[in-house]
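A short write-up of the structure that comes next.
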Amino acid sequence: MSTNTPLPDLSDDVCARLREAFRRTGYDADGVVDALGGAAHTALGRGEPEPARRASLDAGDLGVFIRLFLLGLAEPEKTVSSAFAPLSTDDAVAAGILRTVGDEFRAALDIRPHGDEDGSWWVVSDLDADMLGHVVPEDHVLGVGHASLSLIRATSRRPVGTLLDLGTGNGVQALHATRHAQRVTATDVSARALALAAGTFRLNELDVELLRGEWFAPVARRRFDQVVCNPPFVVGPPRVDYTYRDSGLAGDDASALVVRQLPSFLNDGGTGQLLASWLHRRGEDWGDRVARWLPPETDAWFVQRDVADPGLYVGTWLRDEGIDPRSPEGRAKAAAWLDWFTENDVQGIGFGFVTLRRANGQTPTVVCEDLRQAYDDPLGPEAANWLDRVEWLRTHGDNVLDVAFRVPDTVLLERVDSPGDEGWETTVRRLHRTDGPGWQHEVDELTTRLLAGCRGALPLSDLLDLLSAAQGLDSAELTTAALPIVRELVRHGMLVPGSPQ
């Protein structure tokens, strides 16, 4: 599916005048919520636009922008001219922002506020299939969807000098990167994506380097302190229906390519964070599969957030492109897709986040974890802290015995008791970390006794000696058994190291 739609002309002058109109009318993240009210804004997020339309009628020029860009409605020339001033309607049409429908105007691009705790931006993307009334073209530039938002939350925001946004799309990852990176470079294979991303950056008065090319080719021989990537991770037959989601590579090869190549574009100690998909194949552990993608000397944390059934997966992505799975086209496409899964022994499709760190000259730590439980805290800070804890463990080795540990206040112990011959007997002891990704660990009675002494006062070696004496156990054997458990609890932030004694 191709398109001959001309690229929008989002010049500095056009963006300056449009930005003035947005600021004058209060078309930003807070302004839209205030104009619509909480209930109508929430309904709009559920795909129920009528309450928002009604609320927008009392919002003056701001309401015009809401109806044009957020609701996809047509507006008469008089109201559009008023809202867009000082950008004329003729210039807005010429720039590809508006289109005429009879004697009215509709949005030709999706331009909407996107905010974080520090402020608000505007993001430029293409209209979705619902707004267009037909399937989107191949070079469609996606708006800020759930995948983009999840990567935003999974990205570390520690200050860095240089950051690469690989496959920038509408530029939203780069927007957030400007909060913590001194210099941001964004790449994409799509000329249309770069044109819209450039509009995003001009509207927000941000200086981001834009480069065109496939994968890492535009930044060959360069290195960065941080790389973020929301790649075209949809898995299946090697084809490209939409550049924002399809790589042309078979199966999960797109995710594998990014994981395999990304570390070589990092400075020593630099980090990478990306979304990825991986196949669950009959007779193969998913963790073993993704670990084989890694180059040497790379710390890696793979977090699996979901595993989709192949049939559900195909139906979801057919609807994403505006195809009814019940239609002849949908049935034919689903059949070919599912045939490919069957031929390749695919039983499920995993999806999640990958955190990488270039660890030259050091023995790498590679952990693959299934974290499909619900949690509210963003993963980005936890990913950065996870790398810190991995480095601490690598540096200390067996010297953890000299450290006084404590159990953080965010860690709770749950006991499950069942009736026995002598009353209630504890059958399950489970540690819960109530912040971060909500890790849980089942532990035995000896471990709970050891953790009870972890108050930051005595070194681990003393606690193990006391426990072995109290239980009549061999101290060396107890230490050998305890160290792997302690290291895992440290890595998960359920034991906090103090100063060596």
Side-chain angles (χ1 to χ4, degrees), residues 1-6 46-47 72 108 110 125-148 150 167 169-170 188-193 196 214-215 229-258 275-284 286 289-290 304-352:
M1 194 184 319
S2 61
T3 178
N4 295 316
T5 304
R46 295 195 305 265
D110 186 309
S125 62
D126 278 322
L127 301 171
D128 62 23
D130 290 340
M131 293 280 200
L132 290 172
H134 55 77
V135 296
V136 299
E138 179 184 326
D139 61 354
H140 175 77
V141 179
L142 196 66
V144 181
H146 292 300
S148 296
S150 64
N170 59 41
D188 209 289
V189 69
S190 164
R192 185 169 184 84
L196 269 58
E214 291 188 342
W215 302 112
C229 180
N230 182 3
F233 54 72
V234 173
V235 304
R239 57 184 295 169
V240 178
D241 291 332
Y242 302 100
T243 54
Y244 73 85
R245 72 175 206 192
D246 303 318
S247 66
L249 302 176
D252 51 15
D253 284 354
S255 296
L257 182 152
V258 177
L275 296 176
S277 292
W278 40 81
L279 300 177
H280 283 240
R281 300 180 66 181
R282 186 176 291 106
E284 178 183 56
W286 75 269
R289 179 179 186 83
V290 299
Q304 182 165 259
R305 291 295 287 141
D306 191 22
V307 180
D309 169 79
L312 176 63
Y313 187 83
V314 169
T316 297
W317 286 110
L318 287 176
R319 293 184 182 92
D320 171 78
E321 59 186 284
I323 294 178
D324 186 343
R326 298 167 297 181
S327 68
E329 179 186 10
R331 291 169 65 91
K333 197 166 184 178
W337 209 330
L338 291 171
D339 285 347
W340 188 92
F341 282 147
T342 300
E343 292 162 5
N344 288 274
D345 293 327
V346 177
Q347 296 181 306
I349 300 92
F351 171 82

**Request:** I would like to know whether L338 and V314 meet side chain to side chain contact (heavy atoms under 4.5 Å, CB included); could you show each step before the answer?
**Result:** CA-CA 8 Å; L338 291 171; V314 169; 3.9 Å; yes

**Item:** Over all atoms of both residues, closest heavy-atom pair of S148 and V144
**Value:** CB-CG1, 4.2 Å

**Message:** When you measure from the side chain of S255 to the backbone of S277, do you find a donor-acceptor pair of N or O atoms at a distance under 3.5 Å?
**Reply:** yes

**Prompt:** Which atom names give the shortest non-hydrogen contact between P237 and W337, and what distance separates them?
**Reply:** CD-CD1, 3.5 Å

**Item:** Pairwise side-chain contact, L142 with S125, heavy-atom cut-off 4.5 Å (strictly under)
**Value:** no

**Prompt:** Do the side chain of D309 and the main chain of L312 share a donor and acceptor less than 3.5 angstrom apart?
**Reply:** yes

**Request:** Identify the heavy atoms of D252 and R289 that sit nearest to each other, and give their distance.
**Result:** OD2-NE, 2.7 Å

**Asked** Side chains of W215 and V189: does their closest heavy-atom pair fall under 4.5 Å?
**Response** no

**Prompt:** Out of curiosity, N344 CG to D339 CG, how far, rounded to the nearest 0.5 Å?
**Reply:** 11.0 Å

**Heavy-atom closest contact (H280 atom, I349 atom, distance)** = CD2-C, 4.4 Å

**Over 12 non-hydrogen atoms of neighbours within 6.0 angstrom of CZ in R46** = yes

**Request:** Please tell me if the side chains of N170 and L196 come closer than 4.5 Å, counting only heavy atoms from C-beta onward.
**Result:** no

**Request:** Start with the C-alpha gap between W278 and V235, add the side-chain angles, then the distance that decides, and say whether side chain to side chain contact (heavy atoms under 4.5 Å, CB included) holds.
**Result:** CA-CA 8 Å; W278 40 81; V235 304; over 6 Å; no

**Euclidean distance, D110 CG relative to D126 CG, rounded to 0.5 Å** = 8.5 Å

**Prompt:** What are the two closest non-hydrogen atoms of P232 and A254, and how far apart are they?
**Reply:** O-CB, 3.6 Å

**Asked** Under 3.5 Å, side chain of R282 to main-chain N/O of Q347, donor-acceptor pair present?
**Response** no

**Complete:** Tightest non-hydrogen contact, residues G169 and D188, listed as N-OD2, 2.9 Å

**Prompt:** Side chains of E284 and D345: does their closest heavy-atom pair fall under 4.5 Å?
**Reply:** no

**Item:** Nearest-0.5 Å distance, CZ of residue R305 to CG of residue L275
**Value:** 11.5 Å

**Asked** Can you check whether W340 reaches P238 side chain to side chain, under 4.5 Å on heavy atoms?
**Response** yes

**Request:** Fit a plane to each ring of Y313 and F341, take the angle between them on a 0 to 90° scale, and name the class: parallel (under 30°), tilted (30 to 60°) or perpendicular (over 60°).
**Result:** perpendicular

**Message:** Return the CG to CZ distance between L318 and R331, rounded to the nearest 0.5 Å.
**Reply:** 12.0 Å

